[in-house]
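Here is the structure we will look at.
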Amino acid sequence: MDIVTLLQEAAARAIRDKFDREVEAAKLQIMQTRSDFEGDFTLVTFPLAGALRMPPQRLAEEIGNQLQAEEAVVEKFNVVKGFLNLSLSANFWKEFLMNFSPQGQKAGAEENSGRKLVIEYCSPNTNKPLHLGHLRNMLLGAACANLHEAAGKKVYRVQVINDRGIAICKSMLAWQLFAQGATPESAAVKGDHFVGQWYVEFEKHFRGEYEAWQKSEEAQRLFAERRKKEQGQQEFFKTFKNEYFNKYSQLGRQARDMLIKWEEGDPEVRALWAKMNAWVYEGFEQTFEKLGITFDKNYYESETYRLGREMVEKGLEHNLFYKASDGSVQADLEDVGLGKKVLLRSDGTTLYITQDLGTAHLRYEDFGMDEMTYVVADEQNRHFKVLFELLKRLGEPYADKLYHLSYGMVELPEGKMKSREGTVVDADNLIEEVISEARKNAAERGETADISPEEREDINWKVGLAALKFYLLKVSPAKWMMFDPRESVDLQGQTGPYVQYAYVRIRGLQRRAEAEGLLKSDFSFDAYQKLEAVERQLLLGLYKYPQLVLQAAREYDPSLLANHLYFLAKAFNKMWHELPVFSAEDPAARAFRLQLSSRLGQSLYEGMKLLGIAMPDKM
RNA sequence: GGUCCCGUAGCUCAGCUGGAUAGAGCAGCUGCCUUCUAAGCAGCCGGUCGCAGGUUCGAAUCCUGCCGGGAUCACCA
């Protein structure tokens with residue numbers, strides 16, 4: 001039985017015996033004792049004082065006496081105001097330690113077993129490389145996927161790739177016009193960056209064209225006719241840019257022609273499109289691999305953008321939707337405060353929302369999931385509210401188990417990332433940067449004697465990526481976060497490498513124990529009776545670990561786990577400095593501390609793995 | 001304007017299903033490597049928990065109203 005439940009029931013019995021009153025055990029408030037007081041768990045007696053007509057302090061003392069006398073696990077207690085602080089016996093903790101497993105959450109997650117979850121956590125465009133925002137998205141999604149798996153679900157990881165549209169046509173056109181047949185190989189540039197360069201090239205030429213046009217008579221006439229009062233030329237042409245692209249621009253016309261040809265299935269355009277997208281995927285794959293990100297299935301917009309029409313038409317038949325006078329099909333969501341939403345254009349073509357309806361259904365056909373989660377930035381909150389409502393009205397079987405993990409944007413010290421202003425932090429560059437920071441640090445420390453260069457490089461990758469991933473995952477998903485480039489490569493303090501370091505120390509202890517022939521079956525700590533404060537702190541931290549994994553999964557919040565792992569590592573580092581292991585005079589103490597370290601090491605390893613972070617053995 | 005999110009130390013963040021004196025890291029200042037890895041440990045400095053009410057034995061946490069910042073309200077994706 002869980003120790004908290006056990007204490008609650010024991011306290012309820014004590015109250016019955018002493019005061020002849022029945023209280024519901026589950027309602028008794030037991031929390032972890034604050035670390036600045038002595039004790040492991042605390043019963044809060046204030047809420048009982050009224051019903052039992054007794055001052056909280058006396059109540060706490062009476063219950064404490066009874067518990068100490070009747071319950072073997074309660075070793076001693078102290079009372080501060082109405083707080084009854086209970087210290088559990090060393091025997092209890094030793095037994096707990098022997099039975100502890102970092103997989104313990106599985107026992108608490110029977111209700112999840114067999115449930116199928118589809119989780120979507122990346123939706124890149126194919127006209128430019130991945131950036132910092134994608135990183136937060138992918139790391140959050142991958143961690144949540146792992147957490148739900150650990151909590152007993154069958155998880156399917158998917159991404160949706162926005163591989164069509166005007167943006168990729170811009171890259172294609174620029175490549176056609178200016179690249180003279182260059183390829184990623186010939187230019188020695190990673191495929192996604194290569195295609196991104198042609199997108200930038202298009203924008204550059206387009207800007208030049210636009211600026212030249214602004215001096216033309218036509219442009220000046222339009223400016224004179226259409227300007228709003230007080231509006232200067234610069235300001236006017238900034239807002240006019242879109243219209244220029246669609247109506248006047250040569251490059252704009254060519255790009256749009258290309259899009260039309262693509263839609264018509266023009267073989268030449270399709271071939272170019274396929275070739276350039278293949279370059280991009282090659283590049284994406286490399287980035288995913290560096291990050292350890294995987295997907296079970298990719299959904300391509302080019303294959304799904306027409307889906308959903310049938311669903312909408314079916315909904316129309318059942319009067320869930322209606323046809324507007326202009327011929328478009330709409331849903332009336334006024335009753336749930338979401339207004340009206342167009343589902344099919346008046347020309348009958350599909351929209352973003354239609355496509356998402358279709359993709360959701362397609363995934364049901366693919367996986368037959370019970371639940372589906374989208375990891376998408378919070379700017380799309382409304383879109384997903386609408387989408388979920390529509391799926392519910394359409395009676396999709398998983399519709400009551402849809403979740404939008406809405407995460408906040410990543411901001412830079414200079415403000416929001418803007419691709420037009422070149423303030424985007426590129427994912428590959430960032431990865432390269434954290435790894436070279438790890439290399440630099442390792443070189444400065446100079447402890448490379450018994451480590452081969454290959455092993456050293458492997459460690460540098462693990463350390464660098466841990467810094468980056470932990471940095472992005474330790475913040476609550478819902479919050480907008482500030483990305484400080486200096487802090488993200490930091491290897492000291494509240495960081496991934498800090499947690500790794502504690503683990504490496506534990507591995508060192510284990511290697512030595514092995515070398516000295518300890519950890520054998522006759523190796524016992526029965527005689528260890530007095531637990532130190534740090535040891536208790538660590539035991540309590542382990543006690544909470546499986547619950548935290550479940551909570552982090554349930555709340556889709558990996559930061560809960562990240563922060564707990566940091567707490568565990570911190571407690572271990574404290575113990576490292578305060579208590580000797582091998583030079584402990586008491587062999588039982590040595591045995592106990594080795595066991596405790598070992599279980600802690602497993603937890604750190606497993607916990608970081610759930611976050612997508614690998615642990616080195618040495619560093 | 002409607003809806004939603006955020007406001008905690010100089011900076012970045014925990015804590016929010018109500019509990020004890022509000023915690024970390026970074027930055028600044030002090031100490032600690034002849035003992036299991038100093039990517040570490042210990043200490044100092046630093047807070048009207050945006051403001052004002054309310055509920056409660058008890059509020060950073062719950063409720064209401066303000067103030068400040070942001071997102072979103074397309075037949076774009």
Side-chain angles (χ1 to χ4, degrees), chain A residues 29 31 33-37 42 44 46-47 49-50 56 80-83 85 123 125 162 164-167 242 301 305 324 326-330 337-339 341-356 377-383 385 406 408-409 411 413 416 438 441-442 444-445 447 463 467 471 474-476 478-484 486-487 490-502 504-513 559-560 562-564 566-567 569-570 572-584 590 593-594 597 618-619:
Chain A
Q29 194 186 338
M31 56 180 196
T33 304
R34 275 183 63 122
S35 60
D36 37 356
F37 293 93
T42 295
V44 185
F46 296 98
V80 182
K81 292 186 265 183
F83 298 98
N85 300 323
S123 42
N125 298 322
N162 303 308
R164 62 160 206 133
I166 194 70
N242 228 17
E301 196 194 355
Y305 77 108
D326 57 11
S328 66
V329 178
Q330 307 196 5
L338 293 169
K341 183 73 194 171
V342 176
L343 304 177
L344 286 176
R345 291 194 185 91
S346 31
D347 66 5
T349 56
T350 60
L351 294 95
Y352 180 37
I353 191 88
T354 331
Q355 173 192 330
D356 268 1
D378 62 7
E379 58 190 354
Q380 295 203 41
N381 284 354
R382 187 190 171 85
H383 171 77
K385 271 192 196 161
S406 158
M409 297 290 196
E411 289 187 290
K416 208 179 163 182
N441 254 266
E444 277 169 15
R445 301 177 74 223
E447 286 177 37
V463 170
Y471 180 79
K474 71 179 178 184
V475 181
S476 304
K479 283 204 176 173
W480 280 48
M481 68 175 289
M482 178 61 67
F483 182 85
D484 184 329
R486 277 201 328 276
E487 279 183 34
D490 206 342
L491 313 178
Q492 268 107 37
Q494 194 174 17
T495 65
Y498 178 95
V499 179
Q500 290 179 319
Y501 190 63
V504 162
R505 281 176 155 174
I506 290 168
R507 294 292 297 136
L509 289 176
Q510 289 175 324
R511 276 194 298 272
R512 180 164 167 188
S559 77
L560 295 174
N563 288 320
H564 189 63
Y566 171 71
F567 167 83
K570 194 172 159 64
F572 177 79
N573 279 335
K574 189 179 165 77
M575 177 169 112
W576 177 273
H577 283 273
E578 283 182 8
L579 303 174
V581 175
F582 284 98
S583 43
R590 183 179 61 187
R593 285 169 197 160
L594 271 172
S597 306
K618 301 172 186 169
M619 61 192 276

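- A glycosidic torsion no more than 90° from 0 defines the syn conformation; B:rC11 lies beyond that range and is anti.
- If you check every strand for non-hydrogen atoms under 4.0 Å, A:P580 touches a base.
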Annotated protein contacts, base or backbone, on nucleotides 3-16 of chain B with a non-hydrogen cut-off under 4.0 Å, one of B, S, - each: ---SS----SSSS-
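- In this structure, A:F83 does not pack face-to-face on the six-membered ring of B:rG19, missing the 5.5 Å centre cutoff or the 30° plane limit.
- Partners of A:A502 under the side chain to side chain contact (heavy atoms under 4.5 Å, CB included) rule, at least two apart in sequence or in another chain, are A:A569, A:F572, A:N573, A:L604.
- With centres under 5.5 Å and a plane angle under 30°, the ring of A:F37 is stacked against the base of B:rA20.
- B:rA38 atom P lies 6 Å from atom CH2 of A:W576, rounded to whole Å.
- The side chain of A:K570 lies closest to B:rC41, out of B:rA39, B:rG19, B:rC41.
- Rounded to a whole Å, the CD atom of A:E379 is 15 Å from the P atom of B:rA74.
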Dot-bracket pairing map - RNA chain B, Watson-Crick plus G-U, both contacts under 3.5 Å, | cross-strand: (((((((..((((.....[...)))).(((((.......))))).....(((((..]....))))))))))))....
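- At least one side-chain nitrogen or oxygen of A:R34 sits closer than 4.0 Å to the OP1 or OP2 atom of B:rG23.
- Here B:rA20 is the nucleotide among B:rA39, B:rC41, B:rA20 with the atom lying nearest to any side-chain atom of A:T42.
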